[in-house]
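To keep things clear, I will list the structure first and then write my remarks on it.
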Amino acid sequence: MNNRLSLSQAFVFLLRRDLLVALRNRAEYAMPILFFVLVITLFPLAIGPVPELLSRIAPGIVWVAALLAAMLSLDSIFRSDFDDGSLEQILLSPHPVAVLVLAKVCAHWLVTGLPLLIAAPLLGQMLGMPQQALPTLLLTILIATPVLSLIGAIGVALTVGLRKGGIILSLLVLPLYVPVLIFAASAVDNAAAGFDVSAQLTMLLAFLFLSLSLSPWATAAALRMSAS
Amino acid sequence: MFLWFHKFGSPPHFYRIAGKWIPWLSGLFLVLVTAGLFGGLIAAPPDYQQGDSYRIMFVHVPSAWMSMLVYVAMAVCGIIIMVWRMKLAEIVLISSAPIGASFTFLALVTGSLWGKPMWGTYWVWDARLTSELILLFLYLGIIGLHNAIEDKRVAARAVAILAIVGAVNVPIIHFSVEWWNTLHQGPTVTKFDKPSIYWSMLLPLLLMALSFQVYYVLALFQQCRAELLRRERNSKWVEEL
């Protein structure tokens with residue numbers, strides 16, 4: 001076979017394909033970000049429009065909303081591929097599945113994680129988050145949302161074959177998100193108070209590299225299980 | 001060694017061996033738990049600060065230890081499943097989950113019962129309490145996933161992956177919760193000087209821990225036997241029973 005794709009070509013190909021699919025289904029992929037905005041809007045309505053209170057809890061609110069939005073969008077990583085059978089083609093390909101999984105997770109993050117970068121500062125402003133916390137907020141979103149996608153991919157891969165995977169998925173994934181939530185929210189919190197945040201950011205980076213190196217293998221194993 | 005391993009892994013063999021062990025284990029458990037409870041509830045002196053209410057620790061601490069030990073056992077089973085596809089490990093893994101969840105629940109309940117007279121509240125967002133609660137969610141996730149997948153052999157592999165992923169995460173979760181707790185210095189009721197433990201309290205504690213371990217094996221064997229029968233109900237050796 002002369003026209004066999006090399007590994008990096010396959011990676012780029014899959015990435016481009018997923019991005020294209022997302023581009024064609026714009027409305028569907030805009031949902032998580034809309035959900036993110038909506039959840040955050042609910043908090044002032046429930047707690048009351050007290051500026052001091054809102055600016056105090058803004059980092060926590062933004063991060064909990066980001067977590068929920070990430071979880072809501074997870075299902076789209078493998079669902080449609082599982083339904084139309086392209087997932088099996090991916091599993092049958094001669095390339096290591098873990099790398100191809102990584103391409104899909106990358107695409108998913110570019111589509112659902114990255115838009116949070118644009119929405120979050122806006123919502124931070126609306127909640128009265130102090131100015132000096134905004135760069136840290138962006139940094140934590142940049143570093144930590146890929147971790148959410150990577151860990152979430154394992155959960156989706158485990159539940160993709162189930163008819164009612166949604167509830168189970170949240171039960172599986174949310175406990176694993178706890179460390180990310182703790183460090184990201186605390187980083188923004190500290191930045192708002194004017195403290196140093198390098199410790200939290202370093203930990204988040206460590207989580208990123210750890211999940212980047214381990215999660216694709218677990219996801220690939222789980223996909224093989226789900227597709228069998 | 002390998003022959004033994006292989007033999008022990010065969011369902012009918014395990015069924016028979018476990019059946020023979022159960023009365024002995026029950027006896028051992030009864031002896032240990034009686035000795036431990038006697039030592040803890042009657043023989044040990046009341047604490048100079050906490051009075052008698054510290055005695056709940058003789059149940060609380062062993063169950064908290066067991067909640068972690070069982071999870072480790074499940075992760076080991078998970079690795080065995082992924083590497084050797086051993087049927088028995090699948091059954092041990094899934095039979096352990098409800099037992100481990102019960103130990104975790106017991107640790108949480110006894111902890112909050114102890115907290116009411118000591119800290120003045122049933123629940124504080126203390127690092128250990130919080131990570132124990134998350135551990136309970138992990139157990140429930142495993143049980144939920146296993147129930148959701150109909151083909152039990154597939155379910156076992158899914159649960160194995162989840163147990164391994166969870167085992168990698170448990171130390172991270174525990175450590176980050178601890179870090180979170182030292183940062184959010186909440187109500188400082190959780191602070192109290194831990195007196196170094198006296199042997200008259202330590203001995204019953206260790207006895208209780210040992211008896212809980214025996215109980216785990218006992219409950220595990222019974223659960224496994226039931227699960228084995230359920231899975232292998234169409235096979236020849238079950239019909240011969």
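Numbers restart at 1 for each chain; the letters A, B, ... are given by sequence-line order, proteins then strands.
With B/L145 as the partner, the side chain to side chain contact (heavy atoms under 4.5 Å, CB included) test is satisfied by one option alone out of A/L162, A/L171, A/L169: A/L162.
By the 6.0 Å contact criterion, CZ on A/F35 is enclosed, its count of non-hydrogen atoms from other residues, nucleotides or ligands being greater than 12. Within 6.0 Å of OH on B/Y215 lie no more than 12 heavy atoms contributed by other residues, nucleotides or ligands. Under a cut-off of 6.0 angstrom, the local environment of CG in A/L38 is crowded, with over 12 non-hydrogen atoms contributed by other residues, nucleotides or ligands.
When each of B/V170, B/L133, B/I161 is checked for heavy-atom pairs under 4.5 Å with chain A, B/I161 comes out on top.
Contact of A/L174 with chain B is not made at all, since no heavy-atom distance falls under 4.5 Å. Looking at B/V159, neither its backbone nor its side chain comes within 4.5 Å of chain A, counting heavy atoms on both sides.
Taking 4.5 Å as the heavy-atom cut-off, the residues of residues 175-185 of chain A that approach chain B are A/P175, A/L176, A/V178, A/P179, A/I182, A/F183, ordered by number. Of all residues spanning residues 137-161 of chain A, those with a heavy atom less than 4.5 Å away from chain B's heavy atoms are A/I154, A/L158, A/T159, arranged by number.
Note that OG of A/S211 and CG of B/N169 are 9.5 Å apart. Values are rounded to the nearest 0.5 Å.
The nearest pair of heavy atoms linking B/I172 to A/F207 is CG2-CE2, 3.4 Å.
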